[in-house]
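Starting from 1, each residue takes its place in the sequence as its number. Keep in mind that this is a model prediction, so the values were computed, not measured.
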Amino acid sequence: TKVTAEIYSKTETTDLILSNNNIQTLPSEMGKMTNVVVFKIDHNLLEGSLIGEIRQMSKLKQLDVSYNKMTGMPAEIGQLSNLETLNYSYNDITGLPNELSNLSGNLKEFNLSGNPLSQEQISKLKASLPNTNIIF
């Protein structure tokens with residue numbers, strides 16, 4: 001249910017899979033794991049928003065935070081320029097940061113199914129990410 005401190009010393013880690021663990025919070029030190037390419041923290045109990053330090057994981061290509069209780073996304077996600085797939089499905093996302101448009105270069109797929117977003121929000125997102133397959 002908790003991510004312990006010794007994980008942060010594993011700075012060469014490229015795949016971080018923390019799925020199905022009842023994790024409720026992520027410590028800011030996770031940003032030290034700058035070589036992570038695949039980060040899956042789906043099927044947990046995360047609330048609120050991901051930590052802003054996610055921006056330090058600049059090599060991330062795949063981020064899966066589906067099936068949590070997230071209500072928002074940090075603006076810092078827009079700094080993850082290598083991100084190719086972003087899965088926020090089945091959360092409680094009610095708003096999207098404008099910074100998502102910064103991902104228009106590489107983001108291939110963005111899954112938002114099962115979130116209470118308005119059609120207007122989805123239309124705005126599609127306009128800002130024209131080359132991304134947005135699943136809603």
Side-chain angles (χ1 to χ4, degrees):
T1 60
K2 208 170 203 150
V3 181
T4 55
E6 55 266 13
I7 197 170
Y8 314 121
S9 62
K10 303 193 184 312
T11 54
E12 298 307 309
T13 300
T14 57
D15 290 29
L16 183 57
I17 314 297
L18 299 174
S19 308
N20 299 298
N21 279 301
N22 295 322
I23 295 169
Q24 296 178 10
T25 58
L26 292 176
S28 57
E29 291 86 0
M30 289 199 78
K32 294 177 183 174
M33 301 183 78
T34 55
N35 287 306
V36 173
V37 176
V38 175
F39 183 21
K40 292 185 175 196
I41 188 139
D42 57 291
H43 293 85
N44 279 288
L45 301 172
L46 294 174
E47 296 181 5
S49 182
L50 273 180
I51 53 173
E53 288 78 5
I54 193 82
R55 72 182 176 281
Q56 296 169 306
M57 294 181 166
S58 58
K59 294 181 182 174
L60 263 185
K61 288 188 176 190
Q62 184 179 350
L63 177 59
D64 185 350
V65 292
S66 61
Y67 294 91
N68 275 285
K69 298 177 180 180
M70 305 292 260
T71 53
M73 281 179 216
E76 290 85 353
I77 265 190
Q79 296 176 35
L80 299 173
S81 57
N82 291 310
L83 208 55
E84 293 177 0
T85 61
L86 182 55
N87 188 347
Y88 258 90
S89 62
Y90 301 97
N91 276 283
D92 296 313
I93 304 294
T94 55
L96 300 168
N98 292 329
E99 290 80 0
L100 284 171
S101 62
N102 298 341
L103 302 176
S104 63
N106 283 330
L107 191 64
K108 294 176 175 68
E109 185 174 284
F110 189 5
N111 191 338
L112 281 164
S113 54
N115 283 287
L117 290 163
S118 69
Q119 192 55 53
E120 180 184 343
Q121 289 169 306
I122 295 296
S123 297
K124 184 178 171 189
L125 182 64
K126 286 181 177 178
S128 67
L129 295 170
N131 300 318
T132 302
N133 177 25
I134 296 170
I135 303 163
F136 179 67

Are [X] and [Y] packed together at the side-chain level, in the sense that at least one heavy-atom pair is separated by less than 4.5 angstrom?
| X | Y | answer |
| --- | --- | --- |
| M33 | I7 | yes |
| L125 | I134 | yes |
| F110 | L129 | yes |
| K2 | Q24 | no |
| L16 | V38 | no |
| Q62 | F39 | no |
| I41 | L26 | yes |
| N98 | K124 | yes |

Worked verdict on N21 versus T1 for side chain to side chain contact (heavy atoms under 4.5 Å, CB included): CA-CA 6 Å; N21 279 301; T1 60; over 6 Å; no
Out of curiosity, [X] [atom1] to [Y] [atom2], how far, rounded to the nearest 0.5 Å?
| X | Y | atom1 | atom2 | value |
| --- | --- | --- | --- | --- |
| N133 | N111 | CG | CG | 9.0 Å |
| D15 | N35 | CG | CG | 11.5 Å |
| N22 | L18 | CG | CG | 12.5 Å |
| L107 | T85 | CG | OG1 | 7.5 Å |
| E84 | T132 | CD | OG1 | 11.0 Å |
| L86 | I77 | CG | CD1 | 5.0 Å |

Hphob cluster co-occupancy, Y90 + L117, side-chain heavy atoms under 4.5 angstrom: no
Connected via hydrophobic side-chain network under 4.5 Å: I17 and V37: yes
Side chain to side chain contact (heavy atoms under 4.5 Å, CB included) evaluation trace for M73 with L112: CA-CA 12 Å; M73 281 179 216; L112 281 164; 3.8 Å; yes
[X] side chain to [Y] backbone, donor-acceptor under 3.5 Å:
| X | Y | value |
| --- | --- | --- |
| N106 | S81 | yes |
| N87 | S66 | no |
| N102 | L100 | no |

Residues I23, L46; criterion side chain to side chain contact (heavy atoms under 4.5 Å, CB included); working and verdict: CA-CA 6 Å; I23 295 169; L46 294 174; 4.1 Å; yes
H43 and Y67 aromatic ring geometry - parallel, tilted or perpendicular at 30°/60° bounds: parallel
Derivation and outcome, side chain to side chain contact (heavy atoms under 4.5 Å, CB included), residues Q56 and M30: CA-CA 9 Å; Q56 296 169 306; M30 289 199 78; over 6 Å; no
For [X] versus [Y], what's the shortest heavy-atom pair and its separation?
| X | Y | answer |
| --- | --- | --- |
| P74 | Y88 | CD-OH, 4.0 Å |
| M57 | L80 | O-CD2, 3.3 Å |
| A75 | P97 | CA-CB, 3.9 Å |
| I93 | P116 | O-CD, 3.3 Å |

Return yes if a side-chain donor-acceptor contact under 3.5 Å exists between [X] and [Y], otherwise no.
| X | Y | result |
| --- | --- | --- |
| S118 | Q121 | yes |
| S19 | D42 | yes |
| K61 | N82 | no |

Residue of the set E76, R55, M70 for which side-chain contact (heavy atoms from CB on, under 4.5 Å) holds with L50: M70
